[in-house]
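Atom set for the values below is all heavy atoms of this structure, side chains included, hydrogens, waters and symmetry mates excluded. Computed from a prediction, not measured in an experiment: that's the story for all the values here.
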Amino acid sequence: RARSPAGSGPGGSGPVCFRLVLSGVGLGPGLGCGLGATTWFSSARLTGGVGPWLPFQRLAAAWLGLGAGRLPRARGRAEIALLGAYSAFASLLYGALLNLSFWPFVLGDQTALSFDAARGTLENLHAFALFTLATSLGFDVGRALTTAVLVIVTGPAVLNALRRAARRAAFEAPVEFSEPTARP
């Protein structure tokens, strides 16, 4: 698989989730969702990293940006603390959602970590939790810590810049209503 410009660094430490969280908060949930969906698509198209995982990446990233924009409003340190906690949680959830792109298909029926349609929902959820713990939790924790630290350290400055840009870009064209003219 090709290396993605939006992708992760060593140990899952890439900044993509950080950008999506702050964009969702600073520019709104709609733009956060759209940015999440298009970030991975454009990155995959540029690098040839298109594969069966791409829809899961796009959907999970879109939800991450949308969720950030839907957080309750706060200001100052409370906002940064909320965003730090959300970014860590959302980064872990992002990794778990990406595991769903291959977990049912990767192991077959041989192990306790496999998906088995004959098992109940709780048994399959337990198997999925064990699979995530065994395969990607270390990577996901690296992403969560990096994202939370980046949000806490740079969040105030980045949010100020994004909000200022959003205010300057928000304009409405004047609406003029005229009387309908009678046709002869």
Original post:
Which atoms form the tightest heavy-atom contact between Thr147 and Ser87, and what is the distance?
Top reply: CG2-CB, 3.5 Å
Original post:
How long is the gap from CZ on Phe115 to CG on Asn124, to the nearest 0.5 Å?
Top reply: 5.0 Å
Original post:
Quick check: does any side chain N or O of Ser43 sit under 3.5 Å from a backbone N or O of Thr39, one acting as donor and the other as acceptor?
Top reply: no
**OP:** Determine the minimum heavy-atom distance between Ala61 and Leu20, stating which atoms define it.
**Re:** CB-CD1, 3.6 Å
**OP:** Report yes if some heavy atom in the side chain of Phe18 is under 4.5 Å from a heavy atom in the side chain of Thr146; otherwise report no.
**Re:** no
**OP:** Quick one: pull up OG1 in Thr121 and CZ in Phe128 and give me the separation to the nearest 0.5 Å.
**Re:** 14.0 Å
Original post:
Does CZ belonging to Arg163 count more than 12 external heavy atoms closer than 6.0 Å?
Top reply: yes
**OP:** State the OG1-CG distance between Thr135 and Leu130, to the nearest 0.5 angstrom.
**Re:** 10.5 Å
Subject >> Connected via hydrophobic side-chain network under 4.5 Å: Leu82 and Phe89 >> reply: yes
Original post:
Can you get from Leu133 to Leu125 by hopping between Ile, Leu, Val, Met, Phe, Trp and Tyr side chains that sit under 4.5 Å apart?
Top reply: no
**OP:** Identify the two heavy atoms, one from Leu54 and one from Trp40, that lie closest to each other, and give their separation to 0.1 Å.
**Re:** CD1-O, 3.6 Å
**OP:** Determine whether Leu66 and Leu83 fall in the same hydrophobic cluster, where Ile, Leu, Val, Met, Phe, Trp and Tyr are linked whenever their side-chain heavy atoms lie under 4.5 Å apart.
**Re:** no
Subject >> Point-to-point distance, once rounded to the nearest 0.5 Å, from CG of Leu59 to OG of Ser101 >> reply: 11.5 Å
Original post:
Any side-chain heavy-atom pair from Phe41 and Gln57 closer than 4.5 angstrom?
Top reply: no
Original post:
When hydrophobic residues are tied together by side-chain contacts of less than 4.5 Å, even through go-betweens, does Phe102 share a cluster with Val50?
Top reply: yes
Original post:
Of the non-hydrogen atoms in Thr154 and Leu150, which two are nearest, and what is the gap between them?
Top reply: OG1-O, 2.6 Å
**OP:** Nearest 0.5 Å please: distance from the OG atom of Ser136 over to the CZ atom of Arg143.
**Re:** 8.0 Å
Original post:
Should Val158 and Arg19 count as side-chain neighbours, where that means a heavy-atom distance under 4.5 Å?
Top reply: no
Original post:
Is Val149 reachable from Leu92 through a run of I, L, V, M, F, W or Y residues, each pair having side-chain heavy atoms under 4.5 Å apart?
Top reply: no
**OP:** Grab the two heavy atoms, one from Leu113 and one from Ala134, that are nearest each other, plus how far apart they are.
**Re:** CD1-CB, 4.3 Å
Original post:
Is the shortest heavy-atom distance from the side chain of Leu97 to the side chain of Trp63 under 4.5 Å?
Top reply: yes
Original post:
Given side chains that start at C-beta, do those of Thr132 and Trp103 come closer than 4.5 Å, heavy atoms only?
Top reply: no
**OP:** Using a 4.5 Å cut-off on heavy atoms from C-beta on, say whether the side chain of Leu159 contacts that of Ile80.
**Re:** yes
**OP:** For Ala148 and Ala88, work out which heavy atoms get closest and say how close.
**Re:** CB-CB, 4.2 Å
Original post:
Once you round to the nearest 0.5 Å, how far does CG of Leu27 lie from CG of Leu35?
Top reply: 8.0 Å
